[in-house]
Amino acid sequence: MASTITMAENGKLIIPDDPIIPIIPGDGVGPDIWKASQPVFDAAVAKAYGGTKKIEWLPIDAGETCWKNTGEFVPEASMEAITKYRVALKGPLSTPVGKGFRSVNVLLRRLFDLYACIRPVSHVPGVPSPVKDPDAVNMVIFRENTEDLYAGIEWDAGTPEAAKVIALIKELTGRELGPDTSIGIKPISEKGTKRLVRMAIQYAIDHKLPSVTLVHKGNIMKFTEGGFRRWGYECAAEEFGDVTITEEEVGKLGGKVPDGKIVIKDRITDSMFQQILLRPREYSVLAMPNLNGDYMSDALAAQVGGLGMAPGSNVGDGYAIFEATHGTAPKYTNLDKINPGSLLLSGALMFEYMGWNEAANLVRKGIAGAVAAKTVTYDLARQMDGATEVACSAFGRAICEHM
């Protein structure tokens, strides 16, 4: 009988050899990529551990399809399952633009306080890329997940609430906004910033990475984006002063970083977009507020071949949900066509989070082998000379063969 992941008194998760992992297949192409991915995950675990470890997958529901069928975006049973089992995997979920419910993804992040969206971005050799040297990209983005735009605090133009906020802005600042103005609030807090930066620095320590860069627009937004920068540096100095050094301090040492030190840098957001294209090798871990991270992670994913090969995770204290980073692609629903790479690589991140590094490495090895053999789904095949286009499910089988 399968077991439940529990949490020790020190806040660390205790992972049994036979954990129950909830899976939300998702909307649109979600069920297709899950059907292709489950055999890969199971094969990796079996090959890595010879039958001593095994995952019991627990299908649960959420999203637009769930809402149409049940009238609920996230049923109570799904909430209870994630609460009980702590680690979950999910496919893409629909988010309407400009109307309807905000986002089930955002709701799940808020309900379980999954404050860090972690997106490692690196190139799988052979995957087509629009840049000359995609292998130069090897970064991990830590994007704050609960504040900034994702706080979702806004009022439509012409509403009484918007009028009250417009009046308050005039009272406090003297600035006049027209009555046809929609209003949104951008909250960024010291607590929210420091817990994200803390996780990013600890990640750099654990993975022996050379730097953490705070990405912000503090030259314009002095107290929100500027606060993120200030609090980030404070966190580094107060909690990691023995292992961190600022870029300014390195300059005073003639540009030489002392052994064992992680450099804390900061960059203005628009400048950073140039940096990831022109000087990607100079950056390893990036920490940033929500909207900056939203743009930056997708831009980096494009440099290594697109969202179809980009993993993602949402991590808090004691809970984590790993997810495909692309959309639902409804026109391809049930066609067994879409690349399952994003969900597979997110599953590899989940294995790492659980301490099952051997299984994670086998998933990545299998993907690299299938790509090298040019046995790939249509999105990659159309960009690769001599490739054999295969279905989503067949790509999964090819990955298993190359483990």
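What's counted below: heavy atoms across the whole structure, side chains too, no hydrogens, waters or symmetry copies. Quick note: residue numbers are just sequence positions, from 1.
We find that E161 and K164 are not joined by a salt bridge, their nearest charged nitrogen and carboxylate oxygen being 4.0 Å or further apart. Of the charged side-chain nitrogens involved, at least one lies within less than 4.0 Å of a carboxylate oxygen, so that D133 and R281 count as a salt-bridged pair. R364 has a carboxylate O that lies under 4.0 Å from a charged side-chain N of E352, or vice versa, which qualifies the two as a salt bridge.
Applying the side chain to side chain donor-acceptor pair (under 3.5 Å) test between K186 and each of E154, E225, E147 identifies E225 as the sole match.
Shortest non-hydrogen contact noted between L307 and A301 is CD2-CB, 3.9 Å. The minimum heavy-atom distance linking H123 with P125 is given by the pair O-CD, 3.4 Å. For the residue pair A287 and L196, the shortest heavy atom distance occurs at CB-CD2, 4.5 Å. Considering every non-hydrogen atom in both W155 and T159, the closest pair reads CB-OG1, 4.0 Å.
R86 places a side-chain N or O within 3.5 Å of a backbone atom of G318 that can act as its donor or acceptor partner. The backbone N or O of V315 lies less than 3.5 Å from no partner atom in the side chain of S313, so there is not a single donor-acceptor pair. The backbone N or O of A324 sits nowhere less than 3.5 Å from a side-chain atom of S342 that would complete a donor-acceptor pair. In this structure, the side chain of T325 engages the main chain of A310 through a donor-acceptor pair within 3.5 Å. In this structure a side-chain-to-backbone donor-acceptor pair under 3.5 Å is missing from T193 to E190. S3 contributes no side-chain N or O that, together with a main-chain N or O of P16, makes up a donor-acceptor pair within less than 3.5 Å. S271 contributes no side-chain N or O that, together with a main-chain N or O of R267, makes up a donor-acceptor pair within less than 3.5 Å. Judged by distance alone, with hydrogens and angles left aside, the side-chain atoms of D27 form a donor-acceptor pair with the main-chain N or O of E64 at under 3.5 Å. Judged by distance alone, the side chain of D336 and the main-chain N or O of S393 form a donor-acceptor pair under 3.5 Å. Between the side chain of D294 and the backbone N or O of N290 there is no donor-acceptor pair closer than 3.5 Å.
Y115 has its ring centre no less than 6.0 Å from the ring centre of Y150.
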Please report the C-alpha distance between N219 and R229 in whole Å, then the side-chain angles of each, then the deciding distance to 0.1 Å, and finally whether the side-chain contact (heavy atoms from CB on, under 4.5 Å) criterion is met. CA-CA 10 Å; N219 57 327; R229 174 187 182 276; over 6 Å; no
Walk me through it: do Y378 and Y332 pass the test ring-ring contact (aromatic ring centres under 6.0 Å, His included)? CA-CA 12 Å; Y378 86 100; Y332 295 118; 5.5 Å; yes
Any chance you could lay out the side-chain contact (heavy atoms from CB on, under 4.5 Å) test for E323 and R109, step after step, and finish with the verdict? CA-CA 12 Å; E323 64 181 354; R109 293 166 188 168; 2.9 Å; yes
Step-by-step side-chain contact (heavy atoms from CB on, under 4.5 Å) determination, L300 to V137: CA-CA 8 Å; L300 278 167; V137 176; 3.8 Å; yes
For F142 and R119, what are the C-alpha separation, side-chain angles and deciding distance, and is it a side-chain contact (heavy atoms from CB on, under 4.5 Å)? CA-CA 7 Å; F142 281 74; R119 297 270 297 271; over 6 Å; no
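By the 6.0 Å and 45° rule, K265 stacks over the aromatic ring of Y283. With F322 as the aromatic partner, K90 does not meet the cation-pi criteria of under 6.0 angstrom to the ring centre and within 45 degrees of the ring axis.
In this structure, F41 and W34 have tilted ring planes: the angle between them lies in the 30° to 60° band.
Rounding to the nearest 0.5 angstrom, the gap separating the CE atom in M79 from the CG atom in L108 is 7.5 Å. In this structure, CG in L209 is found 7.5 Å from CD1 in I262, a value given to the nearest 0.5 Å. Considering CZ of R195 and CH2 of W231, their distance stands at 13.5 Å, rounded to 0.5 Å. Here the CD1-CD distance, from I21 to E56, works out to 10.5 Å after rounding to the nearest 0.5 Å.
Side-chain contact between I399 and L344 is present, with at least one heavy-atom pair separated by less than 4.5 Å. Inter-residue side-chain proximity for V285 and M139 is flagged as unmet; no heavy-atom pair is nearer than 4.5 Å.
For the residue pair Y233/D266, the side-chain donor-acceptor check at 3.5 Å is satisfied. A side-chain donor-acceptor contact under 3.5 Å links T146 and E144.
Counted within 6.0 Å of CG on D385, heavy atoms from surrounding residues, nucleotides or ligands total 12 or fewer; the atom is thus considered open.
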